[in-house]
Amino acid sequence: MTTSRTVALVHFEMPTKVESFEQGIALVTHCLDKHADGNFVSEVNAPWLEDGRQYRHLLPWNHKQ
């Protein structure tokens with residue numbers, strides 16, 4: 001992640017298996033948003049980021065058992 005004044009390395013761990021593709025993009029989006037202190041904004045068109053935000057309910061800690 002970079003801005004005009006900073007550069008940051010994004011590091012996170014992800015399970016080797018996820019319940020669905022949608023849960024996978026929700027996990028990646030969550031990590032990017034967390035490191036960006038809000039909504040991560042990509043410099044290139046990445047519509048999957050909005051999809052990932054819509055699938056937040058699929059994150060393991062949001063599952064209602």
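It should be emphasised that the depicted structure is a prediction, and the values quoted were computed from it without experimental measurement. Hydrogens, waters and symmetry mates are skipped; everything else that's a heavy atom, side chains included, is used.
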Q: State which residues pass salt bridge (charged side-chain N to carboxylate O under 4.0 Å, His left out) with E50; sequence neighbours excluded, sorted by chain then number.
A: R53
Q. Any link between M14 and W61 through a network of hydrophobic side chains (Ile, Leu, Val, Met, Phe, Trp, Tyr) touching at under 4.5 Å?
A. yes
Q: Determine whether F12 and L32 make a side-chain contact, defined as any pair of heavy atoms from C-beta on separated by less than 4.5 Å.
A: no
(Q) Check this for me: F21, atom CZ, are more than 12 non-hydrogen atoms of other residues, nucleotides or ligands nearer than 6.0 Å? (A) no
(Q) Just to verify, what does S20 make a side-chain contact (heavy atoms from CB on, under 4.5 Å) with, not counting sequence neighbours? (A) E22, Q23, L58
Q) So, does H30 use its side chain to make a donor-acceptor pair with the main chain of A26 at under 3.5 Å? A) no
(Q) Nearest 0.5 Å, please: how far is OH in Y55 from CD1 in I25? (A) 5.5 Å
Q: Grab the two heavy atoms, one from S42 and one from L49, that are nearest each other, plus how far apart they are.
A: CB-CD1, 3.9 Å
Q. By side-chain contact (heavy atoms from CB on, under 4.5 Å), which residues pair with V41, not counting sequence neighbours?
A. none
Q | Side chains of P60 and V18 in contact at under 4.5 Å (non-hydrogen atoms) | A | no
